[in-house]
Amino acid sequence: MQNSDILTLNNQSLPPDLGLPPAEDIDAELLDNETMWDRIKIMLRKNKLAAASFVVIVLMCLAAAFAPFLTPYEPNKTSLKDRLAPPSREHILGCDELGRDHFTRMLYGTRVSVMIGLLPTSVAMIIGTVLGLMAGFYGGKIDFVIMRLADVVLAFPSLLLAMVVSYTLKGGIISIFLALAAVKWARTARVIRAQTLSMKEKEFVEAARSLGVKKSTIMFRHILPNCLPNLIVLLTLNIPESILDEASLSFLGIGAQPPSTSWGLMVFRCKPFLFEYPWLAIAPGVAILIFVLAFNFLGDGVRDALDPYLKD
Amino acid sequence: MMTNLAANRAADRITDIESGIQGAAAQEMLVIKDLKTHFFTQKGVVPAVDGVSIRIPEKQVMGIVGESGCGKSVTAMSILQLISRPGRIVGGSIMLDGEELVGKSVRAMRDIRGDKVSVIFQEPMTSLNPVYTVGRQVSEAITVHRHVGKQEARQQVIEMFKAVGIPEAERRFSSFPHQLSGGLRQRVMIAMAMVCQPKLMIADEPTTALDVTIEAQILHLMRRLEEKSNTSIMLITHNMGVVAEICDFVYVMYAGKVMEQAPVFELFDHTKHPYTKGLLNSIPKPTEEKQRLYNIKGMVPNLLRLPKGCRFSPRCEYAMPECRESEPELYDCGKNHKVRCFLYQKGQGGGADE
Amino acid sequence: MNNPINHVNHEGRKVLAAAENVVKEFKLSGNIRRGDLVVHAITDVSLNIYEGETLAMVGESGCGKSTMGRLFLRLLEPTAGTVRFEGRNLADLGEEELRHLRKQMQIIFQDPYASLNPRMTVAQIIAEPLNTHQVYGSHKETEARVKELMKKVGIRPEFTNRYPHQFSGGQRQRIGIARALALNPKLIVCDEPVSALDVSIQAQILNLLHDLQKEMGLTYLFISHDLSVVRYISDRICVMFLGKLCEVGPTEEIFREPKHPYTRFLLEAVPKPNPHLRKEQKAFLTGEMPSPVKPPSGCRFHTRCPLATERCSQEVPVLRTMAERQVACHMVNP
């Protein structure tokens, strides 16, 4: 092919290092430039339901934090003349059987519920993540022990297990806290273990091994960041679950102890008045519903936003 | 090892192809005219296929070559009307055996796909359903389009399996995809594509995932099937070796447009377009001493921001001022050879060729 | 080192890495009825890699060439046999010593999309080997070295803070090469480094690898199934079939006169970019690759070999040395 020789000859005059021409670099700017957070932001802009949920969650958290500034009443101050007062201008949601302002108590109850939603879940997820990473990465006996432990935890109805823990610890917020953490780590561990197993086979992990990178560094620098999307989705699922569990435990009388309160406990305490004074039990119930739904919608949105990212 | 006989036969083939094409206008199996398939993404319109005209005469292996992102697979998907959102065929026509496919209803297309036009993909494992036996999957291709009983379908499938060289065809009928090797799976895919005797078989990188020895078997098989049946083959590939091995006519695509089209011998002997030359020269050649390999500088442009003028001009060594201003047409160079390059504009003739 | 292949006409050359009678088996958990299955990935392979050369390892998928590359780096442990690097048995090294030795041997992967951590920036990726082995005391020096490496492989140094997904396949492969070069290694195992790239980009990367070798005196173990690429880049070739070596020898000689029947089929099968070489009657290798779980007795190629005789199915052919070449076949006479 004589015509090809011309090109070959021309080519030899190119510089030996053959740096890439600028054309290629300009193009790189056009390539997909989204991080995980960008995708979530875009999702929030497009998915109105998820955006509204996000706003609701933030507002509820703020309300819990600034409760004393939002209400003129003390949560535990009883007033017999206001006993079971219906909603009015002074008492938006009326008063409970001891004359305490119901709205004020709900605001303070938010604190317990939100805290229970966030703290034990986070602790459980940290434990679960570390155990899951170890199980997946090391395999063998470590994997076996951790996973069988997780199986045991998952085999019990979680509420029952939490009840057992709560009873042994004589109830109260701290016991709920520990009970939920003890129950919730197992699912996280399983998910993270599966993700670790697939990540471990990826070439970039093999590349790190061939560079002599330490095992712990590989685990926390290479594998963990790639589990982040899964963790975020798990978080949005676990938080509402914990709030519901706390509500159930309190409703059963082994959660928050009077005079401190939570939404679940309020539903429980107002149950006897359900027919004469329905708003007392319905208001905290609706609060739970809204909060949990908001987290679910947000979780769905986040999952949809990150799913294609996971596929890449 | 090429004997004289083989050389003569190869030479005969050239004349066959050339005369065949000139006289074949009447029996063209597929005529694509000015096809435009665009993808409407958030970031803008991606003209994946931007005015492509292709004709495939009866009983020919027609090759489409190009690098990733040149629009060759989108062209194939357009023929099958399998472009999904945000993509859409925005213009042009696709005539299969005299029948317009653009704008056909979903239902009508379903009847055509697998019957008149069929497709084989690169990865046979993902195109076969792992929970059904291969025999059942191939039979389905028949029973959907033809009114035949189960037994008869089975008989036809086994015959087809034998024709595509699957050993122990009866036993393989009840094998599951994972029990077969990659080469056998690709043979099953070909059997499935051929079993209804389609007018056109689209093969999208059919051998890319296979080993060389298996690749040679499959290419040989496709050539043989094409000679024996009335099926035309549209072969999509990035491998110039595969093109040289089995194609009769070649279209070279770049960034959504056909850059050069010619009968295979003409294309390899008198390569004209700088892009085609670049592709051919990038292949390490056995005769060469260990010198630097030729390479086309830069990379395929982002279709969202196509360069002005000729799409290849930023990477082209021969680019002239006018190349960056306006887009060349496909210029006819005789011998059925057309090139989209100003070097071959009428009156300028030769250019880089001599 | 009393391995016979150590001194095959290469007396003056230093052996950088060597495999001696290496065997690698993988256990598959089978079902209860049949018990555990064993995949015989590598069976009794002895091979030397000489300093400064490019040794290509070719063969079809499942022949064990990638496994062999990882055995040389001790990313996998051999089931039997020894792998040496500069004369030291890799199995004798403790974890710290091995970590240290890893500076000398690196790997470039096939898939430029899977081989870079999607959550690390280019700078972090290239700096990782430097930080792991604490090559430089200060952050500044590391940064300067990263930029130097990026320039060397043809990536603009301004792009340090980008993520891998912002680059094209060819550019990513360059980043992977920069990472492998960071510690000035002696041996680089290139595991199909250009198979996933477009032809024009493939040529760019091959040229880069070629230049780097000249400049830095690198030794490559180049694993590939693409014979035209192999012919361009390698000095010597070893052909593998189902976990065993068929033929070893200088590239040009093997291409000119392949001795082992499998090598011949392999060369014949490559589609040549010249329609005039089209053969109406091509010699095809018939049949399918036998399973590595139950490899054929005797010569592993005998089930597909047209020359096979009674002896081939019974007796395992040894790798015999003929001048600069080695062939494992009963039917080839010295």
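Protein chains get the first letters and strands the later ones, always in sequence-line order, with residue 1 at the start of each.
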**Message:** Does any part of the side chain of B:Glu215, heavy atoms only, come nearer than 4.5 Å to the side chain of C:Pro271, both counted from C-beta?
**Reply:**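 Yes, at least one pair of side-chain atoms sits under 4.5 Å.
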
**Asked** Less than 4.5 Å apart, any side-chain heavy atom of B:Met240 and any of C:Val199?
**Response**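 B:Met240 vs C:Val199: side chains apart.
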
**Item:** Residue list, side-chain hydrogen bond (donor to acceptor under 3.5 Å, both in side chains) with C:Glu247, at least two apart or on another chain
**Value:**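 Once residues adjacent in sequence are excluded, the partners of C:Glu247 under the side-chain hydrogen bond (donor to acceptor under 3.5 Å, both in side chains) criterion are C:Thr263, C:Arg325.
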
**Message:** Could you work out, with ring pair (Phe, Tyr, Trp, His ring centres under 6.0 Å) as the rule, every residue matching C:Tyr262, not counting sequence neighbours?
**Reply:**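 Result, ring pair (Phe, Tyr, Trp, His ring centres under 6.0 Å) vs C:Tyr262: C:Phe241, C:Phe301.
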
**Message:** With a 3.5 Å distance limit and no angle check, can you tell me whether C:Gln204 reaches the backbone of B:Ile296 through a side-chain donor-acceptor pair?
**Reply:**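 Such a contact is found between C:Gln204 side chain and B:Ile296 backbone.
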
**Prompt:** What residue in B:Leu267, B:Leu184, B:Val212, B:Thr213 has the most heavy-atom pairs under 4.5 Å with chain C?
**Reply:**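 Top count of heavy-atom pairs under 4.5 Å with chain C: B:Thr213.
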
**Prompt:** Side chain, backbone, both or neither: which part of C:Arg304 has an atom under 4.5 Å from a heavy atom of chain B?
**Reply:** side chain

**Fill in**
Honestly, the part of B:Val243 sitting under 4.5 Å from a heavy atom of chain C is backbone

**Message:** Taking side chain as everything from C-beta outward and backbone as N, CA, C, O, which of these in B:Leu210 sits under 4.5 Å from a heavy atom of chain C? Side chain, backbone, both or neither.
**Reply:** neither

Which atoms form the tightest heavy-atom contact between [X] and [Y], and what is the distance?
X        : Y        : answer
C:Ser200 : B:Ser282 : CA-OG, 3.9 Å
C:Ala203 : B:Asn295 : CB-CB, 3.6 Å
C:Glu60  : B:Asp211 : OE2-CB, 3.0 Å
B:Leu280 : C:Pro273 : CD2-CB, 4.5 Å

